[in-house]
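In what follows, a structure is listed as structure tokens, so that the remarks can point back to it.
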Amino acid sequence: MSTAAFERLAQGLRQRPEHPLLITEHQVVTADELWRRSRAWAERLRGWGLTRGDRVAVLAGAHPEAVALMLGILRAGLVHVPINPRYRGAELRHVLVDCGAARLLCDRELADERLETLPSALPWHAIEAPPAPAKHDAPSPDAPVRDDETALLVYTSGTTGRSKGVRLSPRAIVDAIGALTELWRFDPHDVLSLALPLFHVHGLCIGIYGALIHGMTVRLHERFEPAAVVDDLAHGATVFMGVPTMYGRLLEHLQAHPEAAAVLARARLFTAGSAALRPAVLERFEQLTGHRILERYGMSETLITLSNPYEGERRAGAVGRPVPGFEARVVDDAGHEVDSGELGELWVRGPGLMQGYWGRPEETAAAFTDGWFRTGDMVRADPDGMLRIVGRRSVDIIKSGGFKVSALEIEEVLRDHPQVEDAAVVGVPDARWGERIGAAVVPRPGTAPSADALTRWVAERLADYKKPRQVELMAELPRNALGKVQKPPIVAALRRPDDPER
Ligand code: MLC
Ligand code: AMP
């Protein structure tokens with residue numbers, strides 16, 4: 001069985017060994033060094049007795065050793081399961097148990113905080129200084145992941161409380177990301193400023209895989225800081241890719257440091273995705289830097305399926321047309337295509353579709369119709385076919401700062417609070433986060449829990465970004481005649497006068 005997809009990644013590393021592939025504040029890692037370090041990881045993983053298809057969970061920041069480890073996992077024919085380091089006890093345990101991780105590799109600082117939450121039988125190791133480099137005459141450890149095996153399991157929230165593992169093959173990643181990045185003219189001379197986390201498809205697949213496919217340099221950051229992005233561009237970065245919240249922060253930075261606009265102006269390309277980019281942000285950024293941000297749309301389950309053009313009109317509020325190789329349909333509830341201008345659900349198909357949800361055949365089957373993946377996003381097409389995302393089928397999915405959050409998961413945690421009778425969690429349109437997490441809480445009779453106490457309660461149990469940013473006590477939740485909680489009136493009640501429309 002072919003390993004052509006893996007070879008395409010490897011070729012970018014082998015062709016120019018001296019090329020600086022990863023640059024951080026502290027180190028420059030050449031293509032050759034990354035290749036050698038990944039080999040050492042492959043040997044070490046094999047040495048632990050892991051066998052083809054075993055899942056290796058990785059809890060790590062965005063640093064070069066995590067990239068070397070990821071490549072080592074692929075070279076050893078294993079499955080990479082990156083986990084959000086913001087996850088806490090139950091969230092982390094769920095992923096480790098759900099994927100049946102054979103090993104956990106963890107940054108030492110994170111391990112110290114989280115060890116007590118691990119399933120007791122799971123062996124773990126710190127991701128530390130590279131393991132001893134392999135001897136040059138040693139036989140190659142490579143038995144890399146084959147094109148249609150699973151290379152990557154990305155955990156993503158859904159309409160149920162618990163996250164699901166999305167199975168992606170090397171073929172899907174390389175074909176879909178190759179097509180997207182060719183559209184965007186990624187080139188070995190490009191330098192990508194990357195401050196996205198490496199456990200979601202935005203930072204990991206477009207960022208790291210995209211750079212490997214094209215043999216580009218990545219200036220890699222553990223955290224997003226506007227000043228560091230400006231510094232990257234001052235030092236030759238050509239492309240920046242971010243979620244809309246990051247562009248909001250870049251605009252704030254430009255307000256305080258107007259001289260930085262001239263530095264940003266030197267870039268070749270700015271792209272945005274993972275959540276809606278508000279036209280006001282697009283336009284202000286263009287006024288200040290001369291760059292019109294290129295917005296695209298994707299999902300963990302499909303990779304990046306729609307993009308505005310590289311050349312031609314980058315339309316405000318639109319996410320563009322299918323990336324070469326992909327197709328899109330806009331359908332009504334019966335699955336029939338609707339006319340342009342009409343609201344419908346977006347269905348997509350093409351090279352980036354997932355193989356399914358890990359260990360969930362029924363949910364996988366339910367996500368597809370005749371080979372089309374039903375995204376759950378509601379869209380409208382302009383007369384020329386440009387698509388606009390206008391909402392989501394489920395009110396229980398929230399996108400905050402580019403992270404997908406399940407309202408139900410937060411509701412469950414709130415309901416466990418001794419003073420909470422009931423709770424409904426919603427996404428409220430928000431200038432900074434896109435949507436902020438709002439909670440309507442019905443207190444137990446005779447109690448009046450404070451917003452601070454309830455927020456702390458959630459923050460102690462879930463990743464920090466899942467805590468409500470607004471909590472309102474209500475005597476009862478609005479319900480329809482059948483007793484079902486109605487979320488739109490809750491969103492309306494939580495809106496503040498200066499919130500954006502959407
Ligand atoms: C951080 N905080 C958030 C948050 N991120 N609150 C709500 N939503 C978020 N997304 C809060 C913390 O809880 C903390 O709260 C405060 O902000 C400061 O924390 P921080 O760690 O310093 O924040 P910062 O590093 O500035 O993080 C902001 C961010 C980050 C935008 C850089 O959220 C981020 O990296 N987002 C990208 C997510 C992503 O990669 N999505 C791609 C999914 S793939 P307090 O109260 O303690 O101060 C996908 C498919 C596709 O969607 O199409 O791409
Ligand atoms: P995730 O599951 O984290 O991969 O998130 C995928 C979801 O992010 C999609 O279903 C959309 O709701 C949202 N999304 C991604 N890109 C965009 C965009 N450009 N505009 C609006 N929503 C987006």
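Note that the coordinates shown come from a computational prediction; the quantities given were computed from them, not determined experimentally. As the structure lists them, so they are numbered: ligands from 1, and atoms in each ligand from 1.
- Ion pairing between Glu225 and Arg223 holds under the 4.0 Å rule for side-chain N and carboxylate O.
- The side-chain heavy atoms of Ile127 and Val58, taken from C-beta on, include a pair separated by under 4.5 Å.
- For the salt bridge (Lys or Arg N to Asp or Glu O under 4.0 Å) with Glu91, the qualifying choice from Arg162, Arg461, Lys466 is Lys466, the only one to do so.
- A distance of 12.5 Å separates CG in Leu194 from OG1 in Thr24, rounded to the nearest 0.5 Å.
- Near ligand 2, Thr156, Ser274, Ala275, Ala276, Glu295, Arg296, Tyr297, Gly298, Met299, Ser300, Val319, Asp377, Ile389, Arg392, Lys399, Lys404 each place a heavy atom less than 4.0 angstrom from the ligand.
- Checked by atom type, the side-chain pair Ser157/Glu409 shows no donor-acceptor distance below 3.5 Å.
- In this structure, the side-chain contact (heavy atoms from CB on, under 4.5 Å) partners of Arg315, at least two apart in sequence or on a different chain, are Asn308, Glu313, Ala318, Asp382, Asp384, Met386, Arg388.
- A cation-pi contact, defined as under 6.0 Å to the ring centre and within 45° of the axis, is absent between Arg268 and Phe270.
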Below 3.5 Å, can you tabulate the donor-acceptor pairs from side chains in residues 195-212 to any protein atom, sequence neighbours excluded?
| residue | atom | partner | partner atom | Å |
| --- | --- | --- | --- | --- |
| His202 | ND1 | Ser274 | OG | 2.8 |
| His202 | ND1 | Arg296 | NH2 | 3.3 |
| His202 | NE2 | Arg296 | NH2 | 3.4 |

Show the short N or O contacts, below 3.5 Å, that ligand 1 makes with protein N or O atoms; if there are none, say 'none'.
| residue | atom | partner | partner atom | Å |
| --- | --- | --- | --- | --- |
| ligand 1 | 6 (N) | Arg469 | NH2 | 3.2 |
| ligand 1 | 8 (N) | Ser400 | OG | 2.6 |
| ligand 1 | 10 (N) | Ser400 | O | 2.8 |
| ligand 1 | 13 (O) | Asp464 | OD2 | 3.4 |
| ligand 1 | 15 (O) | Lys467 | NZ | 3.3 |
| ligand 1 | 15 (O) | Arg469 | NH2 | 3.3 |
| ligand 1 | 21 (O) | Arg86 | NH1 | 3.0 |
| ligand 1 | 21 (O) | Arg86 | NH2 | 3.1 |
| ligand 1 | 22 (O) | Arg223 | NH2 | 2.4 |
| ligand 1 | 25 (O) | Arg223 | NH2 | 3.2 |
| ligand 1 | 26 (O) | Arg249 | NH1 | 3.0 |
| ligand 1 | 26 (O) | Arg249 | NH2 | 3.0 |
| ligand 1 | 36 (N) | Gly401 | O | 3.0 |
| ligand 1 | 41 (N) | Gly402 | O | 2.9 |
| ligand 1 | 46 (O) | Lys467 | NZ | 2.7 |
| ligand 1 | 47 (O) | Lys467 | NZ | 3.0 |
| ligand 1 | 52 (O) | Ser274 | OG | 3.3 |
| ligand 1 | 52 (O) | Lys399 | NZ | 2.6 |
| ligand 1 | 53 (O) | Arg296 | NH1 | 2.7 |
| ligand 1 | 53 (O) | Gly298 | N | 3.3 |
| ligand 1 | 53 (O) | Gly298 | O | 3.2 |
| ligand 1 | 54 (O) | Ser274 | OG | 2.6 |
| ligand 1 | 54 (O) | Arg296 | NH1 | 3.4 |
| ligand 1 | 54 (O) | Arg296 | NH2 | 2.8 |

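- With salt bridges taken as basic N to acidic carboxylate O contacts below 4.0 Å, none links Glu286 and Arg314.
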